[in-house]
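Here the structure is laid out as structure tokens; the discussion comes afterwards.
Each chain gets a letter, A, B and so on, in the order the sequences are listed, and its residues count up from 1.
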Number of protein chains: 2
Amino acid sequence: MIRLSRLSDYGIVLMTRLAREPERALPASVLARESAVSPAMTGKILKLLARAELLVSHRGAHGGYALARAPERITIAEIIEALDGPIALTSCLRPSAEGCGIEALCPARTNWQRINRAIRDALAEVTLAEMARPVLEFGPAPFVSEHASPAVRDPAALAGTS
Amino acid sequence: MIRLSRLSDYGIVLMTRLAREPERALPASVLARESAVSPAMTGKILKLLARAELLVSHRGAHGGYALARAPERITIAEIIEALDGPIALTSCLRPSAEGCGIEALCPARTNWQRINRAIRDALAEVTLAEMARPVLEFGPAPFVSEHASPAVRDPAALAGTS
DNA sequence: ACCAATTAGAACCGGTTCGGTTCCATTTCA
DNA sequence: TGAAATGGAACCGAACCGGTTCTAATTGGT
């Protein structure tokens, strides 16, 4: 399954916690405790997020981490890219020069980019603010096309998480 | 990075090859050769796709595989699900009953489902027919929102594949 | 000046997963 | 009956990844 790495998973949880009190800086220890993520992992993740400039850090006593921007301006896509690298499904055509050798019969190449964009856009349209917001405030999702493709008929696939 | 498994990658290539001649059944050996995928892997993948009823197989001499439906009615989402299981990014909330223990401060749960749906829909809107079609026929992608989120500014992320 | 709190960064390790192969059984056609 | 195929399972090695640990650098308080 196209699964998200634990790194990104935890990262989003931590960022969501910070989004509840933007402006305020919290030390890693507190974030770890309140988010139920191990302190070691929390440290690792926060460092990566700081390096990616999604967080600002303050060292020394009473140091900590705070969001670098307003939660409305931080997207899930950015968090994932900061922790797991670029969002791209493709492994068919590597950046290497040689190509995959079957380009002639592989018009899929350019089409992959469309898929990648679609996914990336989907991720880029969800902000931290939305993730932090209590769920009931939402109306129907505006960016998700409601009409499932007719060929798609496995409702269990959507159930995924309990 | 949110990467696609090799299984799905190869699977899509193989299916794309079959989509070039729907109706016609081809043996695994031929598909392997023409798609530059190892015969062993090809066999494994085709068996999985057949079991998922995306392909119909014919055993014995002069046997082979053919698309179970018209390429227009087979989506990338189906292929991926057949080979890699359900498309769901979430690892935060497992289907297990216990929950993750921090539900109180984790309103993200329901929001994840929106993300999952968005991604799955993006994948479900790309058909095999589109993947097989020569790239030049496409106009601008209709299902991809053209306006990139302002917070998103890393063009390299789209470059991904050479 | 010193100590405690805190982040920065790298190295490291064990285990799971996954790409890939191999083997054998079954079906089908000539 | 034998060759050509698929069906299905087991198996293996290795890369990746979740997670830890250690040391250095920075800062605030006393």
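At least one side-chain nitrogen or oxygen of Ser38(B) sits closer than 4.0 Å to the OP1 or OP2 atom of dT21(C). Close to dG19(D), at under 4.0 Å from its OP1 or OP2, lies a side-chain N or O of Arg6(A). Distances shorter than 4.0 Å separate some side-chain N or O of Tyr10(A) from OP1 or OP2 on dG19(D).
Scanning both residues, Ala19(B) and Ala132(B), for their nearest heavy atoms gives CB-CB, 3.9 Å. In terms of heavy-atom proximity, Leu4(A) sits nearest to Ile12(A) at CD2-CD1, 4.2 Å. Contact detail for Arg69(A) and Glu53(A): the closest heavy-atom pair is NH2-O, 4.4 Å.
Residue Ser57(A) places its side chain closer to dT7(C) than to any other of dT6(D), dA9(D), dT7(C).
Looking at Glu81(B) and Arg120(B), their side chains come closer than 4.5 Å, going by heavy atoms from C-beta outward. Counting only heavy atoms from C-beta outward, the side chains of Thr75(B) and Glu78(B) approach each other to under 4.5 Å.
To the nearest angstrom, P of dA10(C) lies 12 Å from NZ of Lys44(A). One atom, CG of Leu55(A), and another, P of dG9(C), lie 13 Å apart when rounded to the nearest Å. Rounded to whole Å, atom P of dT21(C) lies 14 Å from atom CG of Leu46(B). Between Leu18(B) atom CG and dT6(D) atom P the separation is 11 Å, expressed in whole Å. Rounded to an integer number of Å, the gap from Tyr65(A) OH to dT27(D) P is 14 Å. Between Leu4(B) atom CG and dC16(D) atom C1' there is a gap of 17 Å when expressed in whole angstrom units. Whole-Å rounding puts the Asp9(B) CG to dG20(C) C1' distance at 15 Å. Across the protein-nucleic acid pair, Arg51(B) atom CZ and dG7(D) atom C1' stand 8 Å apart, rounded to whole Å.
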Reading 5' to 3' through nucleotides 22-30 of chain C, protein heavy-atom contacts under 4.0 Å coded B for base, S for sugar-phosphate only, - for none: B---BBBSS
